[in-house]
Amino acid sequence: MKRLIQLFALLGALICAAPSIAQPLPAGLDPQNAILIDTKYGRIVIKLRPDLAPKHVERIKTLARDKFYDNVPFHRVIAGFMAQTGDGERGDGTGGSKYPNLPAEFTNTPFVRSVVGMARVQDPNSANSQFFIMYGDGSFLNGKYTVVGQVVSGMDVVDKIKKGPEAQNGAVTDPDRMLKVQVAADAK
């Protein structure tokens, strides 16, 4: 009986881990500059853009390697706009990492569906660990926020993330989470 229970436990663990095991990366993607985000809905693959924002990209990779992003909620999600995450300190959008804030690396790259940008407060040089994935056009952000990458696989997963009410500026009760975040080159 004990062996049967162990067998079922192992089978259950394999089924739960299946979405993140051995999924090939999209063709031409540099694994050193790609992030894998595993959620309960599946995997999101982000192509990072060190050509646009080298300091911000390096920060995201450092935090992924520190496991700072593991089990962090999508704390602010607004339908048609964006899903925000990355507050591994407090989980509510008010925290950052142990590292200093980053200077802005603004470009003319447009904020459109699947673009990933760094969140910040009013100070343009206040981005730290939080980022957001665009659901649609956000041209009012162009040149005012740092673009760090683009989702190249898994926008269907992003679309499933639990949304917050507009009346609460997208704050999510019992939010979905990034279960595991890795630099693709480090994926196990």
Side-chain angles (χ1 to χ4, degrees), residues 20 23-39 41-70 72 74-78 80-88 93 95-159 161 178-187:
S20 62
Q23 289 184 3
L25 291 175
L29 192 63
D30 173 9
Q32 291 294 337
N33 286 301
I35 292 289
L36 310 177
I37 301 173
D38 291 322
T39 73
Y41 304 114
R43 177 170 278 177
I44 302 163
V45 180
I46 297 173
K47 174 185 177 181
L48 296 173
R49 297 288 308 270
D51 57 315
L52 299 178
K55 292 178 178 134
H56 289 75
V57 165
E58 192 56 40
R59 171 66 54 84
I60 288 174
K61 294 191 309 187
T62 297
L63 292 173
R65 288 180 169 130
D66 288 351
K67 301 191 181 318
F68 179 83
Y69 290 133
D70 290 0
V72 172
F74 286 92
H75 64 272
R76 182 173 173 242
V77 185
I78 301 172
F81 178 36
M82 60 88 214
Q84 185 172 335
T85 186
D87 180 359
S97 72
K98 65 183 180 182
Y99 302 108
N101 290 344
L102 294 164
E105 295 179 294
F106 300 159
T107 65
N108 291 324
T109 305
F111 279 87
V112 295
R113 180 171 169 79
S114 78
V115 164
V116 181
M118 288 298 281
R120 62 173 179 79
V121 295
Q122 288 186 352
D123 177 357
N125 300 310
S126 61
N128 188 289
S129 65
Q130 296 184 45
F131 60 91
F132 56 91
I133 302 170
M134 298 296 296
Y135 283 123
D137 177 66
S139 57
F140 57 94
L141 302 173
N142 295 351
K144 298 176 184 169
Y145 284 79
T146 299
V147 172
V148 294
Q150 184 163 13
V151 174
V152 294
S153 176
M155 271 308 290
D156 58 320
V157 173
V158 178
D159 289 337
I161 295 169
M178 299 189 292
L179 302 176
K180 184 175 185 179
V181 180
Q182 308 172 78
V183 175
D186 304 339

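Note that this is a predicted model, so its numbers are computed, not measured.
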Engineer: Could you pull out all residues at least two apart from Val157 that satisfy side chain to side chain contact (heavy atoms under 4.5 Å, CB included)?
Structural biologist: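 For Val157 the side chain to side chain contact (heavy atoms under 4.5 Å, CB included) partners, ignoring immediate neighbours, are Thr39, Tyr41, Ile44.
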Engineer: Considering only heavy atoms from C-beta outward, does the side chain of Val115 approach that of Arg49 to under 4.5 Å?
Structural biologist: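 The answer is no, as the side chains (C-beta and beyond) never meet within the 4.5 Å cut-off.
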Engineer: What pair of heavy atoms forms the shortest contact from Val45 to Leu36, and how long is it?
Structural biologist: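 Residues Val45 and Leu36, closest heavy atoms: CG2-CD2, 3.9 Å.
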Engineer: For the pair Tyr69 and Phe131, name the ring-plane relationship: parallel under 30°, tilted 30 to 60°, perpendicular over 60°.
Structural biologist: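 Correct class here is perpendicular.
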Engineer: Nearest 0.5 Å, please: how far is CG in Leu141 from CE in Met82?
Structural biologist: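 Interatomic distance, Met82 CE to Leu141 CG, rounded to 0.5 Å: 9.0 Å.
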Engineer: Which heavy atom in Ser129 sits nearest to a heavy atom in Ser97, and how many Å separate them?
Structural biologist: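 Heavy atoms only, the tightest pair is OG-N, 3.9 Å.
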Engineer: Does this structure show an ion pair linking Asp186 with Lys61, if we count only N-O contacts that are shorter than 4.0 Å?
Structural biologist: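 No, Asp186 and Lys61 are not salt-bridged.
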Engineer: Can you see which heavy atom on Leu25 is nearest to which on Ala184, and at what distance?
Structural biologist: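 Looking at all heavy atoms of both residues, the shortest contact is CD1-CB, 3.9 Å.
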Engineer: Does Ala127 have any side chain to side chain contact (heavy atoms under 4.5 Å, CB included) partners at least two apart in sequence or in another chain, and if so, which?
Structural biologist: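 Residues passing side chain to side chain contact (heavy atoms under 4.5 Å, CB included) with Ala127: His56, Met118, Arg120.
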Engineer: So Ile133 and Met155, side chain to side chain contact (heavy atoms under 4.5 Å, CB included) or not? Walk me through it.
Structural biologist: CA-CA 9 Å; Ile133 302 170; Met155 271 308 290; 4.0 Å; yes
Engineer: Side chains of Thr146 and Glu105: donor-acceptor distance under 3.5 Å anywhere?
Structural biologist: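 No, no side-chain donor-acceptor contact under 3.5 Å.
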Engineer: Between CG of Asp70 and CD1 of Ile37, what distance do you get to the nearest 0.5 Å?
Structural biologist: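 Rounded to the nearest 0.5 Å, the CG-CD1 separation comes to 10.5 Å.
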Engineer: Could you tell me the separation between the NZ atom of Lys47 and the CG atom of Leu29, rounded to the nearest 0.5 Å?
Structural biologist: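 It is 7.5 Å, given to the nearest 0.5 Å.
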Engineer: Would you sort out whether Tyr135 and Ile161 count as a side chain to side chain contact (heavy atoms under 4.5 Å, CB included), showing the intermediate values?
Structural biologist: CA-CA 11 Å; Tyr135 283 123; Ile161 295 169; 3.9 Å; yes
Engineer: Atom CD1 of Ile60 and atom CG of Asn33: how far apart are they, to the nearest 0.5 Å?
Structural biologist: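 Atom-to-atom, Ile60:CD1 and Asn33:CG are 11.0 Å apart.
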Engineer: Can you name the closest pair of heavy atoms from Pro31 and Val183 and give their distance?
Structural biologist: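 Residues Pro31 and Val183, closest heavy atoms: O-CG1, 3.6 Å.
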Engineer: Donor-acceptor check, side chain of Arg59 to backbone of Asn101, threshold 3.5 angstrom: yes or no?
Structural biologist: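 Not confirmed, Arg59 side chain does not pair with Asn101 backbone.
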Engineer: To the nearest 0.5 angstrom, please state how far the CD atom of Gln84 sits from the CZ atom of Phe74.
Structural biologist: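 CZ of Phe74 is found 11.0 Å from CD of Gln84.
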Engineer: Restricting to non-hydrogen atoms, name the atom on Gly95 and the atom on Gln130 that form the minimum distance, rounded to 0.1 Å.
Structural biologist: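 For Gly95 and Gln130, the tightest heavy-atom pair comes out as O-NE2, 2.8 Å.
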Engineer: Go through the steps to decide whether Asp38 and Gln182 satisfy the test side chain to side chain contact (heavy atoms under 4.5 Å, CB included), and finish with yes or no.
Structural biologist: CA-CA 9 Å; Asp38 291 322; Gln182 308 172 78; 4.2 Å; yes
Engineer: Going by side-chain hydrogen bond (donor to acceptor under 3.5 Å, both in side chains), Tyr99 matches just one of Asp66, Thr62, Asn128. Which one?
Structural biologist: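 Going through Asp66, Thr62, Asn128 one by one, the side-chain hydrogen bond (donor to acceptor under 3.5 Å, both in side chains) with Tyr99 is satisfied by Asp66 alone.
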Engineer: Holding to side chain to side chain contact (heavy atoms under 4.5 Å, CB included), I want the full list of residues that pass it with Val72, two or more places apart in sequence or in another chain.
Structural biologist: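 In terms of side chain to side chain contact (heavy atoms under 4.5 Å, CB included), with neighbours along the sequence ignored, Val72 is linked to Thr85, Met178.
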Engineer: Hey, mind stepping through Val181 and Leu63 against side chain to side chain contact (heavy atoms under 4.5 Å, CB included) and telling me if it holds?
Structural biologist: CA-CA 9 Å; Val181 180; Leu63 292 173; over 6 Å; no
Engineer: What closest approach, in Å, do Ala64 and Ile35 show between heavy atoms, and which atom pair accounts for it?
Structural biologist: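 That closest heavy-atom pairing would be CB-CD1, 4.1 Å.
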Engineer: If you count heavy atoms of other groups shown closer than 6.0 angstrom to CG of Asn108, is the number above 12?
Structural biologist: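 Open: at most 12 neighbouring heavy atoms sit under 6.0 Å from CG of Asn108.
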